[in-house]
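Report on the structure given below.
Residue numbers count from 1 along this sequence.
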Amino acid sequence: MKFLINCDEATTICDKNQYGEATLSDKIRLNFHLFVCKCCKSYTKQNQLMSRIFGKHLTPCGGNEKLSVSEKLELEKNLQKELNDK
């Protein structure tokens with residue numbers, strides 16, 4: 001197993017991990033990379049934050065529904081608050 005991965009591979013694994021698609025070896029390689037790479041560590045934190053924020057606003061829809069203006073403003077307000085808290 002190749003433990004050393006580049007940043008492109010790390011971000012791909014990070015994205016897969018967000019959706020529960022990363023294997024155990026992927027997670028190990030990602031964690032090892034995050035230990036030594038501050039940029040990818042930051043990317044991972046931002047990715048988790050965005051998933052958490054947007055996840056709160058997901059609702060099942062028929063595909064044609066859109067956020068209302070007030071929902072967009074609320075989402076923007078929550079995102080700005082989370083970014084300012086970090």
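- For Lys16, the NZ atom sits in a packed shell: over 12 heavy atoms of surrounding residues, nucleotides or ligands are nearer than 6.0 Å.
- Interatomic distance, Ile13 CD1 to Thr23 OG1, rounded to the nearest 0.5 Å: 7.5 Å.
- With 3.5 Å as the limit, one finds a donor-acceptor pair spanning the side chains of Asn47 and Asp15.
- At a threshold of 4.5 Å between non-hydrogen side-chain atoms, the residues Lys45 and Lys41 count as touching.
- Taken together through direct or relayed side-chain contacts under 4.5 Å among Ile, Leu, Val, Met, Phe, Trp and Tyr, Phe54 and Leu83 form part of one hydrophobic cluster.
- The hydrophobic clustering, which links ILVMFWY residues whose side-chain heavy atoms are closer than 4.5 Å, places Leu73 and Leu79 apart.
- The CD atom of Glu76 sits 15.0 Å away from the NZ atom of Lys81 when rounded to the nearest 0.5 Å.
- Asp26 has its side chain out of reach of Thr12: every pair of non-hydrogen atoms, C-beta onward, lies at least 4.5 Å apart.
- The shortest heavy-atom contact between Asn78 and Ile53 is O-CD1, 4.4 Å.
- Taking the side chain as every heavy atom from C-beta outward, Cys7 and Cys37 approach each other to under 4.5 Å.
- When hydrophobic clusters are built by joining Ile, Leu, Val, Met, Phe, Trp and Tyr residues whose side-chain heavy atoms come closer than 4.5 Å, directly or via intermediates, Leu34 is not grouped with Phe32.
- Pairing each heavy atom of Ile5 with each of His33, the nearest pair is O-ND1, 3.0 Å.
- Contact detail for Leu67 and Lys72: the closest heavy-atom pair is O-CE, 3.5 Å.
- Within 6.0 Å of CD in Glu21 there are more than 12 heavy atoms belonging to other residues, nucleotides or ligands.
- Ion pairing between Glu9 and Arg29 fails under the 4.0 Å rule for side-chain N and carboxylate O.
- For the atom pair OG1 of Thr11 and CG of Asn17, the computed distance is 12.5 Å after rounding to the nearest 0.5 Å.
- Proximity of a side-chain donor or acceptor of Thr44 to a complementary backbone N or O of Cys40 within less than 3.5 Å is detected.
- Without hydrogens or angle criteria, Glu74 side chain to Glu71 main chain gives no donor-acceptor distance under 3.5 Å.
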